[in-house]
Amino acid sequence: MLYDCRSLADRDRGIAAAIEAVKNGELVVLPTDTVYGIGADAFTPFAVKALLDAKGQGRQAPPVLIGSRHTLDGLVFTLPRAARDLVEAFWPGALTIVVEHSPSLQWDLGETNGAVAVRMPLHPVALEVLRETGPMAVSSANKTGQPAALTAEQARDQLGYAVRSYLEAGPCPDPVPSTIVDLTGEVPQLLREGAIPLAALRDVVPDIESRVA
């Protein structure tokens, strides 16, 4: 079912349907501030597997989206100072941080090696859903190897009936992927330069090194 969130009535129905779907272990497509994402409850293993199967990407762990900065504290054992500074500067927004997740978490995201990529998106529809569902495993809403979906309609063309609810909010205004910073080691590492440039990151954490070719 596709809901046009540009209509107030449809937005309310769509968000309620998406929240219910996630809580039932089903998949949803929702807008973010980068591209559209396909999401599932991060703590429901069969839902995460369904997400990976829908994309056709094997066991590569998807990132986790959250609706509040405070949620991050519940996912990690300790949070480096650099991570806190970057979150303060760029969340909600197009920054994904890779941190060591708490070993006590009851989730199975795939091959994580003890780390998780986390982001708080700057999109009102996504945040409204996430604040009710809690952390969601979210990957770009497309089949692996296909172009990223810039509308929910494009996502539905690729993913079809694998997804229970599609939330349409119009074309992505700035479809640049998020910047990814690895904070699991001694020195922060830039893994992907996306919407937030390296220079802006270094204004906050000067010792970031780049692994980008």
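Counting begins at 1 with the first residue of the sequence.
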Report whether [X] and [Y] are members of the same hydrophobic cluster (ILVMFWY, side-chain heavy atoms less than 4.5 Å apart, transitive linking).
| X | Y | result |
| --- | --- | --- |
| Val204 | Val118 | yes |
| Met136 | Leu105 | no |
| Val99 | Leu65 | no |
| Val22 | Tyr3 | yes |
| Val116 | Leu72 | yes |

With a 4.5 Å heavy-atom cut-off, do [X] and [Y] have their side chains touching?
| X | Y | answer |
| --- | --- | --- |
| Leu79 | Val87 | no |
| Asp207 | Pro188 | yes |
| Leu167 | Val129 | yes |
| Arg6 | Glu168 | yes |
| Glu209 | Leu190 | no |
| Leu75 | Pro135 | yes |
| Pro197 | Thr179 | no |
| Ile196 | Leu201 | yes |

Pairwise ring-ring contact (aromatic ring centres under 6.0 Å, His included) hits with a residue in residues 43-94, at least two apart: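 For residues 43-94: Phe43-Trp107.
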
Quick one: does [X]'s side chain have a donor or acceptor within less than 3.5 Å of a partner on [Y]'s backbone?
| X | Y | value |
| --- | --- | --- |
| Glu132 | Ile19 | no |
| Lys55 | Ala50 | no |
| Arg119 | Ile97 | no |
| Glu100 | Ala115 | no |
| Gln154 | Leu150 | yes |

If you round to the nearest 0.5 Å, how far is [atom2] of [Y] from [atom1] of [X]?
| X | Y | atom1 | atom2 | value |
| --- | --- | --- | --- | --- |
| Ile180 | Leu95 | CD1 | CG | 9.5 Å |
| Ser165 | Ile15 | OG | CD1 | 11.5 Å |
| Leu159 | Leu51 | CG | CG | 9.0 Å |
| Ser178 | Leu122 | OG | CG | 13.0 Å |
| Leu8 | Arg13 | CG | CZ | 10.0 Å |
| Asp10 | Leu2 | CG | CG | 8.0 Å |

Chi angles and distances behind the side-chain contact (heavy atoms from CB on, under 4.5 Å) call for Leu198, Ile208: CA-CA 8 Å; Leu198 178 59; Ile208 285 182; 3.8 Å; yes

Any Lys/Arg nitrogen of [X] or [Y] sitting under 4.0 Å from an Asp/Glu carboxylate oxygen of the other?
| X | Y | result |
| --- | --- | --- |
| Lys49 | Asp108 | no |
| Arg192 | Asp182 | no |
| Arg164 | Glu20 | no |
| Arg84 | Asp73 | yes |

For [X] and [Y], which heavy atoms make the closest approach, and how far apart are they?
| X | Y | result |
| --- | --- | --- |
| Ile38 | Ala141 | N-CB, 3.7 Å |
| Val48 | Ala137 | CG2-CB, 4.2 Å |
| Leu109 | Ala42 | CD2-O, 3.8 Å |
| Leu127 | Pro121 | CD2-O, 3.3 Å |
| Ala94 | Ala195 | CB-CB, 3.6 Å |
| Ala155 | Val29 | CB-CG1, 3.9 Å |

Lys23-Thr44 side chain donor-acceptor pair, cut-off 3.5 Å: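 Lys23 vs Thr44: no donor-acceptor pair found between side chains.
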
Pair Gln158-Gln146, side-chain donor/acceptor within less than 3.5 Å: no

Derivation of the side-chain contact (heavy atoms from CB on, under 4.5 Å) call for Val98 and Val181: CA-CA 6 Å; Val98 180; Val181 177; over 6 Å; no

Test side-chain contact (heavy atoms from CB on, under 4.5 Å) applied to Tyr36 and Ser140, step by step: CA-CA 6 Å; Tyr36 276 72; Ser140 58; over 6 Å; no

Worked verdict on Thr133 versus Val28 for side-chain contact (heavy atoms from CB on, under 4.5 Å): CA-CA 12 Å; Thr133 62; Val28 301; over 6 Å; no

